[in-house]
Asker: 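First the structure, then my questions, so here it is.
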Amino acid sequence: MINISHLTKKYHRFVANDNISLMIQDGEIAVLAGPNGAGKSTAIKCIAGLLRFEGEIEIDGFNNKSLEAKRILGYVPEIPAPFELLTVWEHMEFIARAYKLENWEQRAEELITRMELADKRKRLGKELSKGMQQKISICCALLIEPKVVLFDEPFVGLDPHAIKELKTMLFEMKEKGTTVIISTHMLDSVEEFWDKVFIMMNGRIEAERERKAVERSGENLEELFFSITERGGSDKEEVSG
């Protein structure tokens with residue numbers, strides 16, 4: 001579970017995140033949707049504990065910057081940043097050692113095979129394309145079998161097979177009760193599996209919807225998205241399931 005209360009992030013006078021509060025339960029896949037510059041990536045980085053902020057963020061009941069939270073958190077950044085001089089397999093080993101994982105090899109083998117990296121296991125990080133580097137980020141984040149996973153524009157740069165496989169993995173995580181947040185401006189990439197969507201604009205959450213409520217009302221999520229983002233206005237009504 002993720003519980004965010006009054007998250008505010010400022011860069012001098014610029015407010016990147018403005019008093020954001022939201023809750024995502026176990027097994028839910030939530031989407032932070034919005035145009036570029038809406039504050040999605042900043043919010044993801046705050047949740048991951050990479051930025052200082054005002055407010056409170058709890059991951060499974062722990063402060064997000066605590067070791068307890070970090071042990072159960074997976075994070076896939078928008079821009080992959082693998083270690084240039086580690087091979088694909090050495091990335092897996094590095095994560096396993098850092099998290100003191102036991103019997104991790106089979107899990108690592110499965111992940112790199114599903115991401116079509118098995119034949120690249122001896123390739124260095126700097127030798128890989130951006131798409132392959134993104135695949136390494138996904139494998140590293142999921143190797144620890146996290147209870148909470150943050151994805152920042154995860155489908156950008158992936159080939160069709162990897163997109164299909166990642167979507168399958170997301171369904172599997174949902175079945176296991178994993179909490180997932182996906183930041184994206186491409187609603188069509190997440191339309192199959194989202195449970196909650198938070199539409200962001202100018203650092204604020206301007207609308208929140210749950211899938212069951214949208215399906216029940218016949219509301220079109222894409223039309224809602226454009227109605228909010230194009231007029232720059234807000235729709236504070238929360239429709240709950």
Side-chain angles (χ1 to χ4, degrees), residues 1-25 28-66 69-70 73-81 137 141 148-157 179-190 194-211 213-214 219 221-240:
M1 183 181 76
I2 297 176
N3 188 15
I4 300 174
S5 301
H6 307 294
L7 167 62
T8 298
K9 174 60 183 176
K10 299 178 181 179
Y11 295 98
H12 301 292
R13 294 184 178 179
F14 175 70
V15 181
N17 289 151
D18 188 2
N19 197 32
I20 293 174
S21 294
L22 58 88
M23 181 179 292
I24 304 162
Q25 301 291 346
E28 287 187 332
I29 297 178
V31 175
L32 294 182
N36 292 333
K40 305 184 302 297
S41 291
T42 299
I44 290 287
K45 290 175 182 176
C46 287
I47 298 169
L50 301 177
L51 298 175
R52 295 180 179 177
F53 58 87
E54 299 173 27
E56 295 183 3
I57 299 176
E58 290 186 348
I59 296 175
D60 203 32
F62 301 106
N63 181 282
N64 73 312
K65 293 189 178 182
S66 68
K70 292 182 182 299
L73 176 68
Y75 169 55
V76 179
E78 180 179 12
I79 300 174
S137 293
V148 175
V149 191
L150 311 174
F151 291 96
D152 195 353
E153 299 288 359
F155 300 105
V156 175
T179 304
V180 177
I181 295 184
I182 302 173
S183 165
T184 186
H185 62 277
M186 300 183 296
L187 289 178
D188 58 341
S189 66
V190 296
W194 67 275
D195 296 301
K196 286 182 178 178
V197 63
F198 302 91
I199 299 177
M200 294 189 65
M201 190 76 179
N202 300 320
R204 298 183 299 272
I205 294 176
E206 300 291 1
E208 174 182 345
R209 295 292 188 273
E210 294 189 2
R211 187 183 195 98
V214 170
E219 189 173 32
L221 188 58
E222 189 173 78
E223 290 177 358
L224 172 67
F225 176 83
F226 286 115
S227 71
I228 296 294
T229 57
E230 289 182 354
R231 75 169 181 253
S234 65
D235 179 355
K236 290 299 184 181
E237 177 187 3
E238 178 182 339
V239 179
S240 46

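In this chain, residues are counted from 1 in sequence order.
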Asker: Within this structure, what is the CG-CD1 distance for the pair N17 and I44, rounded to the nearest 0.5 Å?
Answerer: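 Atom-to-atom, N17:CG and I44:CD1 are 10.0 Å apart.
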
Asker: State whether a side-chain donor-acceptor pair under 3.5 Å links S41 with D152.
Answerer: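 Judged by distance alone, the side chains do pair up.
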
Asker: First locate atom CG of N3, then atom CE of M23, and finally report the distance between them rounded to the nearest 0.5 Å.
Answerer: 3.5 Å

Asker: In the structure I gave you, are the side-chain heavy atoms of L224 and R209 within less than 4.5 Å of one another anywhere?
Answerer: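 Result yes, sub-4.5 Å side-chain heavy-atom pair found.
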
Asker: Would you check if the side chain of K40 reaches a backbone N or O of P35 as a donor-acceptor pair within less than 3.5 Å?
Answerer: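 Yes, the answer is positive, given that a donor and an acceptor are paired below the 3.5 Å cut-off.
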
Asker: Can you list everything that forms a salt bridge (charged side-chain N to carboxylate O under 4.0 Å, His left out) with E28? Sequence neighbours excluded, please.
Answerer: K196

Asker: Say whether, by atom type as modelled, one donor and one acceptor occur between the side chain of S183 and the main chain of E153 under 3.5 angstrom.
Answerer: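 Checking the backbone N and O of E153 against the side chain of S183, no donor-acceptor pair under 3.5 Å is found.
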
Asker: Mind checking the CZ-CE spacing from F62 to M1? Nearest 0.5 Å is all I need.
Answerer: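 Spacing of CZ (F62) from CE (M1) equals 11.0 Å.
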
Asker: Does the side chain of L150 come within less than 4.5 Å of I2's, by heavy atoms?
Answerer: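 They are in contact (side-chain heavy atoms under 4.5 Å apart), so the answer is yes.
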
Asker: Tell me the closest heavy-atom pair linking I205 and S21, and the distance in Å.
Answerer: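 Nearest pair, atom of I205 first, then S21: CD1-O, 4.2 Å.
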
Asker: So how far is it from F225 CZ to H185 NE2, rounded to the nearest 0.5 Å?
Answerer: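 Rounded to the nearest 0.5 Å, the CZ-NE2 separation comes out at 8.5 Å.
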
Asker: Is K45 atom NZ crowded by more than 12 heavy atoms from other residues, nucleotides or ligands, each under 6.0 Å away?
Answerer: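 Result for NZ/K45: open.
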
Asker: Considering all heavy atoms of both residues, which atom of E210 and which atom of W194 are nearest to each other, and what is their separation?
Answerer: C-CZ3, 3.7 Å

Asker: Under the 3.5 angstrom rule, does the side chain of D18 hit a backbone N or O of R204 as a donor-acceptor pair?
Answerer: no

Asker: Please find the pair of heavy atoms, one from L73 and one from A48, that lie closest to each other, and give the distance.
Answerer: CD2-CA, 3.9 Å

Asker: Output side-chain donor-acceptor pairs under 3.5 Å for residues 50-60, partner residues at least two apart or in another chain, one line each.
Answerer:
residue: D60; atom: OD2; partner: K147; partner atom: NZ; Å: 2.8

Asker: Pair M200, I20 - check side-chain contact (heavy atoms from CB on, under 4.5 Å), show working.
Answerer: CA-CA 10 Å; M200 294 189 65; I20 293 174; 3.5 Å; yes

Asker: On a heavy-atom basis, which atom in S137 and which in A81 lie closest, and how many Å separate them?
Answerer: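 So the two residues come closest at OG-N, 4.5 Å.
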
Asker: Taking the side chain as every heavy atom from C-beta outward, state whether T42 and Y11 have any atom pair closer than 4.5 Å.
Answerer: yes

Asker: So, taking the atom named OG in S189 and the one named CD1 in I182, what distance separates them when rounded to the nearest 0.5 Å?
Answerer: 7.5 Å

Asker: Quick check on K10: does its NZ atom have over 12 non-hydrogen neighbours (other residues, nucleotides or ligands) under 6.0 Å away?
Answerer: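 Not more than 12 within 6.0 Å, no.
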
Asker: At what distance, to the nearest 0.5 angstrom, does CD of E78 lie from OG1 of T184?
Answerer: 9.5 Å

Asker: Would you mind reporting whether T229 and I199 have side-chain heavy atoms less than 4.5 Å apart?
Answerer: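 A side-chain contact under 4.5 Å exists here.
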
Asker: So, for A30 and I24, which heavy atoms are closest and what is the spacing to 0.1 Å?
Answerer: CB-CD1, 3.5 Å

Asker: If I compare all heavy atoms of C46 with all of N64, which pair ends up nearest, and what's the gap?
Answerer: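 For C46 versus N64, the nearest heavy atoms are O-ND2, 2.8 Å.
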
